[in-house]
Amino acid sequence: MPQLQIHNTASRAKEIFAPMRDDEVRLYVCGPTVYDLAHVGNARPVVVFDTFVRLLRRVYGTVVYVRNITDIEDKIIDRAHELGITIAELTADTTDAFHADMAALGALPPDHEPRATEYVDGMIAMTEALVAKGHAYEADGHVLFDTTSMADYGVFSRRSQDELIAGARVEVAPYKRNATDFVLWKPSDEQQPGWDSPWGKGRPGWHLECSVMSEAILGETFDIHGGGIDLVFPHHQNEIAQSTCAHDGAAFANYWMHNGHVTVGGEKMSKSLGNFLTVHELLDEQPGEAIRLTLLSAHYRQPLDFTIAAVAESRRILDKWYRAAGDAAAAEMPEAVMEALCDDLNTPRAIAEMHRLSDLASAGDGAAAAAMKAVGQVLGLLQATPEAWFQGQGGDDALSAEAIEDLIEQRRQARADKDFATSDRIRDDLAAQGIILEDGAGGTTWRRGG
């Protein structure tokens, strides 16, 4: 078994991974703020870290995977007000949609999915500890972290003082001692959700939430913290500040992993540009595995340009792989694939090996077909039966399986009656809707797509 190496954002270098415990790996990944449908940028870390957890379980056995739900945040408050519904209604609906969309992408549920609103007592306790230790102060009903109290604040994110100040401008306020200080606790008015605290009715700052939830489940120090590259600063920098200072310098996470940005058609996603792609909308057109393969096609740390054409190509690739692998049972994971994935989760190399195995399997190599199924278990691909894959890719407007079977029966009867014009018309009509018929000795079978 090759040694697992991961690129640690903290050191900006690839390191051999050494878990704190021989028999368990503890991992925390920042989850969604549930105020809207998930877009492809939100989906990338879910798919990346789902794949990584599958690999960790193969290498180490036990993995405790935590991915949170942020269900209290100003974006949620604003969105609920805009829609004229309660925060509870909004977060329930968007959380359900997130779960359904990510399941369609083949993402397994995390072992724990803490919700911020369930851990407010712990957030108040950590804030009190930071105040008591001289790392935070109260001002105008707010409690702020004093960044000058931490000698190495900004080192993790590699930000200069000017960059730190620029990044903190979203929280400009006259009550701050320093421009880089950030909010741990903020006051709530009568219309805003709030909890009683030593500083009055209020709610936690976003950064504080993950520090408390990760500690509650994984402990003060755990193995790996993950998320998107956009979270390095300020979110992850501030998590480190809170957690290490609350625990007298104890390490927070030993390794940090971040996936790269997602663009669409070479541009940043924007509703005004018309390139804002939600997973929900994409699933109306393409199967989840095709979206997943597209998200894994670039190395996780590199930027990914996501296009509709790329998803269509991923579907064609999966068509080929499903035909090649057939109904083979999974065998041992090929060494070349394990080496690729243990080399900082190099999914492009693993995918290249799948292409090679597919060519061999298509030529009748049963061992290659079985190897493909093993690789699929870690990549989260080839999870359906070939029959379900080829017959289950229709969108909302597609013909149902029952309707197709009925037309096939009509065509069979037409052929028996030597009404070949009707038989050909049914075949052509189905072909126009992407339904391919294949006549054989055992009867007629069908599949969607090319």
Side-chain angles (χ1 to χ4, degrees), residues 30-39 41-42 67-101 113-131 136-146 167-214 216 230-231 234-235 238-239 241-242 270-272 276 278 280:
C30 288
T33 299
V34 284
Y35 70 98
D36 207 346
L37 293 174
H39 55 67
N42 304 136
R67 187 185 67 218
N68 72 292
I69 293 284
T70 295
D71 60 352
I72 178 63
E73 208 262 345
D74 287 355
K75 289 179 182 177
I76 295 173
I77 297 171
D78 294 342
R79 181 68 168 163
H81 178 74
E82 174 190 332
L83 295 175
I85 60 176
T86 67
I87 287 173
E89 289 172 323
L90 174 64
T91 57
D93 289 347
T94 50
T95 299
D96 287 347
F98 174 79
H99 286 155
D101 289 346
E113 192 176 55
R115 301 184 183 217
T117 52
E118 299 169 351
Y119 290 80
V120 175
D121 287 348
M123 297 169 198
I124 292 171
M126 181 174 281
T127 302
E128 289 181 304
L130 288 167
V131 171
Y137 58 93
E138 182 182 2
D140 280 7
H142 295 72
V143 182
L144 296 105
F145 184 89
D146 181 356
R169 282 183 183 149
V170 293
E171 294 178 339
V172 170
Y175 45 76
K176 284 188 178 186
R177 291 179 185 172
N178 314 289
T180 54
D181 293 351
F182 58 90
V183 171
L184 298 170
W185 188 263
K186 63 181 74 175
S188 296
D189 61 29
E190 291 305 315
Q191 283 70 49
Q192 295 170 324
W195 290 261
D196 291 333
S197 79
W199 317 284
K201 180 188 175 186
R203 59 195 191 277
W206 172 45
H207 310 306
L208 183 65
E209 296 176 358
C210 286
S211 282
V212 171
M213 287 185 282
S214 61
D230 56 308
L231 298 181
H235 188 48
N238 292 348
E239 279 187 66
Q242 296 157 167
S270 167
K271 290 182 179 178
S272 62
F276 193 85
T278 68
H280 191 76

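Only heavy atoms go into these numbers, but all of them, side chains included; no hydrogens, no water, no symmetry mates.
Here CD1 of I69 is found 9.0 Å from CE of M213. Values are rounded to the nearest 0.5 Å. Rounded to the nearest 0.5 angstrom, L231 CG and C210 SG are separated by 8.5 Å. Distance check: E89 CD to I87 CD1 gives 11.0 Å after rounding to the nearest 0.5 Å. In this structure, CG in L90 is found 6.5 Å from CG in L83, a value given to the nearest 0.5 Å.
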Q. Run the side-chain contact (heavy atoms from CB on, under 4.5 Å) check on S211 and M123 step by step: do they pass?
A. CA-CA 8 Å; S211 282; M123 297 169 198; over 6 Å; no
Q: Apply side-chain contact (heavy atoms from CB on, under 4.5 Å) to W195 and D121, showing your working.
A: CA-CA 9 Å; W195 290 261; D121 287 348; 5.8 Å; no
(Q) Before you tell me yes or no, could you show the steps for E209 and Y119 under side-chain contact (heavy atoms from CB on, under 4.5 Å), namely the whole-Å CA-CA distance, both residues' side-chain angles and the distance that decides it to 0.1 Å? (A) CA-CA 8 Å; E209 296 176 358; Y119 290 80; over 6 Å; no
**Q.** Derivation and outcome, ring pair (Phe, Tyr, Trp, His ring centres under 6.0 Å), residues H235 and W206
**A.** CA-CA 8 Å; H235 188 48; W206 172 45; 3.9 Å; yes
Q: Under the side-chain contact (heavy atoms from CB on, under 4.5 Å) rule, what do L37 and T94 come out as? Steps first, then yes or no, please.
A: CA-CA 6 Å; L37 293 174; T94 50; 5.8 Å; no
Q.
Using the rule given for side chain to side chain donor-acceptor pair (under 3.5 Å), can you reason through D96 versus H99, listing the C-alpha separation, both sets of side-chain angles and the distance that settles it, and then say yes or no?
A. CA-CA 5 Å; D96 287 347; H99 286 155; 4.8 Å; no
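In terms of heavy atoms, P193 sits closest to S188 at O-OG, 2.7 Å. Closest of all the heavy-atom pairs between G31 and N68 is N-OD1, 2.7 Å. The heavy-atom pair separating G200 from S197 by the smallest distance is O-OG, 2.6 Å. In terms of heavy atoms, C30 sits closest to E239 at SG-OE2, 3.8 Å. I76 and V34 get closest at one heavy-atom pair: CG1-O, 4.0 Å.
Taking 4.0 Å as the cut-off between side-chain N and carboxylate O, D189 and K201 do not count as a salt-bridged pair. Between D36 and K75 no salt bridge is recorded (no basic side-chain N to carboxylate O distance below 4.0 Å).
The side-chain heavy atoms of Y137 and V143, taken from C-beta on, include no pair separated by under 4.5 Å. Using a 4.5 Å heavy-atom cutoff, the side chains of L144 and Y175 are in contact.
Atom OH of Y35 has 12 or fewer heavy atoms from other residues, nucleotides or ligands within 6.0 Å.
The only option from K186, H81, R203 that meets the side chain to side chain donor-acceptor pair (under 3.5 Å) definition with Q192 turns out to be R203.
Taking D93 as the reference, nothing meets the salt bridge (Lys or Arg N to Asp or Glu O under 4.0 Å) condition, with sequence neighbours excluded. Applying the salt bridge (Lys or Arg N to Asp or Glu O under 4.0 Å) test to E113 and every residue at least two apart in sequence or in another chain returns R67. In this structure N178 satisfies the side-chain hydrogen bond (donor to acceptor under 3.5 Å, both in side chains) test together with D146, D181, sequence neighbours excluded.
E73 and T70 form no side-chain donor-acceptor contact under 3.5 Å, judged by distance and modelled atom types alone.
A distance-only check finds no donor-acceptor pair linking the side chain of T95 to the backbone of A92 [under 3.5 Å]. For D71 (side chain) and T91 (main-chain N/O), no donor-acceptor pair under 3.5 Å exists by modelled atom type. T278 places no side-chain N or O within 3.5 Å of a backbone atom of A38 that could act as its donor or acceptor partner.
Aromatic ring orientation, W185 versus W199: tilted (interplanar angle from 30° to 60°).
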